[in-house]
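Order of appearance sets the numbers: ligands from 1, and atoms from 1 within every ligand. For the single chain, residues carry numbers from 1 onward in sequence order. Since the structure is predicted, the reported quantities are computational estimates derived from the model, not experimental observations.
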Amino acid sequence: MRLDKYLAKANLGSRKQVKELIRKKKIQVNGVIVQKDDIKIDEYHDEIRFNDEVIVYQQYVYYMLNKPQGVVSATYDENCKTVMECFDEFLGDDVFPVGRLDKDTEGLLLVSNDGQLAHHLLSLKNHVDKTYYVLCKNKIDDGMVEGLQKQIVLQDAVFQPAKVEVLSDYELHLTIQEGKFHQIKRMLHHVGNEVVYLKRIRFGSLVLDENLQPGEYRMLSEDEIRKLGGKV
Ligand code: URA
């Protein structure tokens, strides 16, 4: 692996920042100060030091992104900006968004290279809760709430009952375990309402960090990774 990529993966900074560290002679490979960022290292055997401290390679990365509207939940798209482009640096070929939010949906998106965890979180049989804040077009009434709490059978899809928490005349928290195409929008439409704004605020044990503005991200804490079932 390239040295600058390794250092970025080890959380020493963005690709640009670690190049700067190398230029400033802060990095040693097997006891020798290096000054080229594109040298190849053996991440499993070489000893890399920053200011004399050994750097530990992180095989798995876990980021929480507050997805902004207008970007697609994909690693590559010919026409649209992707969620991966919200990151300052390239995270690696193996890093991907865990699940999808619509282009106009905001909120919590896990971005990781832990395929096993992604499979666990997205598999229906594991009943992982996803909670959304929903701003509705029409006033919410009891009939709508009851409709959302029941199974919804459409011609081409079945949605299991949602947990509903009414926040105000026009606002809800909706918790579902599936993640079918346009699910919340279609559920609301089915009960005679429409989604004006949708934001995911919880994904399993992970709660959206209120300090993150749309488009901002941070690494998960060890505690968050552990609770989610990732590898620390
Ligand atoms: N339901 C939707 O309709 N859209 C999303 O992005 C997520 C859930």
Could an N or O of ligand 1 be found under 3.5 Å from any N or O of [X], whether backbone or side chain?
{"X": "Thr105", "value": "yes"}
{"X": "Tyr132", "value": "no"}
{"X": "Lys180", "value": "no"}
{"X": "Leu101", "value": "no"}

| message | Please find the pair of heavy atoms, one from Tyr170 and one from Lys139, that lie closest to each other, and give the distance. | response |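 The answer is CE2-N, 3.4 Å.
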| field | Nearest atoms (heavy-atom pairs only) where Asn138 meets Gly192 | value |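 Asn138 and Gly192 have their closest heavy atoms at ND2-O, 3.3 Å.
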| How close does the nearest protein non-hydrogen atom get to atom 1 (N) of ligand 1, and which residue and atom is it? | Ile184 N, 3.1 Å
| request: Considering heavy atoms of the protein only, find what lies nearest to atom 4 (N) of ligand 1 and give residue, atom and distance to 0.1 Å. | output: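 The protein heavy atom lying closest is Asp102 OD2, 2.7 Å.
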| field | Ring geometry between Tyr217 and Phe87 (parallel below 30°, tilted from 30 to 60°, perpendicular above 60°) | value | tilted
| How many angstroms lie between atom NZ of Lys103 and atom CD of Gln69, to the nearest 0.5 angstrom? | 11.0 Å
| task | Give, for atom CG of Asp209 and atom CG of Leu108, the distance between the pair rounded to the nearest 0.5 Å. | result | 10.0 Å
| message | Between Asp114 and Lys231, does any NZ, NE, NH1 or NH2 come within less than 4.0 Å of an OD or OE carboxylate oxygen? | response | yes
| message | With heavy-atom distances below 4.0 Å as the criterion, list the atoms of ligand 1 near Leu198. | response |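 In order of numbering, the contacting atoms are 1 (N), 2 (C), 3 (O), 4 (N), 5 (C).
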